[in-house]
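Structure first, commentary second.
Predicted, not measured: the structure shown is a model, and the values here were computed from it.
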Amino acid sequence: MKIIFNKGRGNTAFGLGLIFLIMACESANNRGTTAHSGQELPDFKAYLMVYFKDDDHSLHMALSQDGYSFTDVNEGEAVIAGDSIAEQKGIRDPHIFRGADGTFYLAMTDLHIFAKRDGLRATEWQRPGEEYGWGNNRGFVLMKSKDLINWSKANVLLPEQFEGYDTIGCAWAPETTFDEEEGKLMLYYTMRWKNGLNKMYYSYVNDNFDQLLSEPKLIFQYPKEVNYIDADITKVGDQYHMFYTPHDGMPGIKQAVSKKINKSYQYDSAWYDTEPEASEAPNVWKRIGEDKWVLMYDIYGIRPHNFGFRETSDFKHFEDLGHFNEGVMKATNFSSPKHGAVVHLTADEARKLANYWGLDMSFD
């Protein structure tokens, strides 16, 4: 069984260039221990960034050969239209994770904050704002691919997954990782009950990437009664570094560290961004061939929106790299990205994606 979204090059409201094939999820028994047992890493040669824009609530992709200069594969236009995949006809907060077997996992917030403006619903929010809060939604769009072109797709709404979750106020910013001890994919995200505080939770997810296996469980408790959102976990050695955004005064980026992937994170009071305006959505990615990591985040408190970058080799000392096109980091053909994430690609993977979109880039 397959569902075909034939968007045709230049043939949609967003000028999408993708014949978007959504295939029924296969049984996916090829993951498990073999795919995650320390097999030799691929020879990575490129970086892929996913992000979204407020003006279209859709998925965008950009490629980089060197980790400094990123080029949008579709000249700044969306590659997958949010209205083709989301219950609310829009997506936000895309995150991409690469499994050890080369499978790519996309997780996105199913939410359109301008749906009333764009004629997609009659009310500002899907449910009453006074009861459920700003931007209230109920779940995620989860997608899976071997080639970054053909994707499986699932709309995963928490009230449909678990009894008693009709009163959640939001389910935002999902990210995917793999719990080596449990041998399972793990989805972690921001959630709240009705109009209460936003906190960070996790659930295990099945190999088909279309169903949550466990109810939300708190992953970290902030020491103050404030909103804290947008977790991003990176394993370095035997430690897990979780960056996140507390609304503790000016929203910004903090870090907590643990030797367990989903518990025992130690609070650190330091701020790891250097922005005078509000920031959120941290994402950490490694420079290929170097013991350096980049902390990227969304500076939503400035106009136009932009990403900030800091670089570290020890997760204690960070060098400020500035913003896109205001320092060493470059966005060559796009602007105003929001809530991005980066993964590594092999030369062949990057070349195939670039060729599909007609982008002339070399990855040798």
| said: Under a 3.5 Å cutoff, is there a donor and acceptor pairing between the side chains of Asp72 and Asn333? | reply: no
| Rounded distance [0.5 Å steps], CE in Met186 versus CD in Glu175 | 10.0 Å
| task | Please tell me if the side chains of Met61 and Ile80 come closer than 4.5 Å, counting only heavy atoms from C-beta onward. | result | no
| field | Ring centre gap for Phe309 and Phe324 strictly below 6.0 Å | value | yes
| query | With side chains defined as the heavy atoms from C-beta onward, is the minimum distance between Asn198 and His247 less than 4.5 Å? | reply | no
| query | Which atoms form the tightest heavy-atom contact between Phe363 and Ser64, and what is the distance? | reply | CE2-O, 4.3 Å
| query | Just checking, any donor-acceptor pair under 3.5 angstrom between side chains of Asp298 and His339? | reply | no
| Will you find, in the side chains of Thr312 and Asp314, an N or O donor that is under 3.5 Å from an N or O acceptor? | yes
| field | Donor + acceptor pair across side chains of Thr332, Ser69 (<3.5 Å) | value | no
| query | Quick one: are Leu158 and Arg138 in side-chain contact, heavy atoms under 4.5 Å? | reply | no
| query | Pick from Tyr267, Tyr228, Tyr272: which one makes a side-chain hydrogen bond (donor to acceptor under 3.5 Å, both in side chains) with Lys254? | reply | Tyr267
| field | Gap between atom OH of Tyr240 and atom CD1 of Ile233 - 0.5 Å precision | value | 9.0 Å
| With no hydrogens and no angle check, do the side chains of Lys146 and Thr103 hold a donor and an acceptor under 3.5 Å apart? | yes
| task | Take the angle between the ring planes of His57 and His112 and call it parallel below 30°, perpendicular above 60°, tilted in between. | result | parallel
| field | Euclidean distance, Thr177 OG1 relative to Ile261 CD1, rounded to 0.5 Å | value | 4.0 Å
| query | Is there a path of hydrophobic side-chain contacts, each under 4.5 Å between heavy atoms of I, L, V, M, F, W or Y residues, that connects Val284 with Ile288? | reply | no
| Which atom pair, heavy atoms only, marks the closest approach of Ile91 to Val141? | CG2-CG2, 4.0 Å
| request: Assign the ring pair Phe44 / His344 to parallel, tilted or perpendicular, where the plane angle (0 to 90°) is split at 30° and 60°. | output: tilted
| field | Side chain proximity check, Leu345 to Arg98, heavy atoms < 4.5 angstrom | value | yes
| query | Do the non-hydrogen side-chain atoms of Tyr222 and Lys199 ever get within less than 4.5 Å of each other? | reply | no
| query | Would you say Val342 and Phe334 are hydrophobically clustered, going by side-chain heavy atoms of ILVMFWY under 4.5 Å? | reply | yes
| Less than 4.5 Å apart, any side-chain heavy atom of Asn306 and any of Glu326? | yes
| Is the cationic atom of Arg287 (NZ for Lys, CZ for Arg) positioned less than 6.0 Å from the six-membered ring centroid of Tyr68 and within 45 degrees of its normal? | yes
| query | With a 4.5 Å heavy-atom cut-off, do Ser362 and Gln65 have their side chains touching? | reply | yes
| query | Among Asp56, Asp54, Asp230, Asp110, which one satisfies salt bridge (charged side-chain N to carboxylate O under 4.0 Å, His left out) with Arg92? | reply | Asp54
| So which heavy atom on Asn195 is nearest to which on Gly129, and how close? | ND2-O, 4.2 Å
| request: Run the ring-centre check on Trp193 versus Tyr132 and record whether the distance is less than 6.0 Å. | output: no
| said: Quick one, Tyr297 with Phe243, criterion ring-ring contact (aromatic ring centres under 6.0 Å, His included). Give me CA distance, side-chain angles, the key distance, then yes/no. | reply: CA-CA 10 Å; Tyr297 48 85; Phe243 288 84; 9.7 Å; no
| query | So is Lys144 actually on top of Trp151's ring, under 6.0 Å and inside 45° of the axis? | reply | no
| request: Just say parallel, tilted or perpendicular for the rings of Phe97 and Tyr105, cut-offs at 30° and 60°. | output: tilted
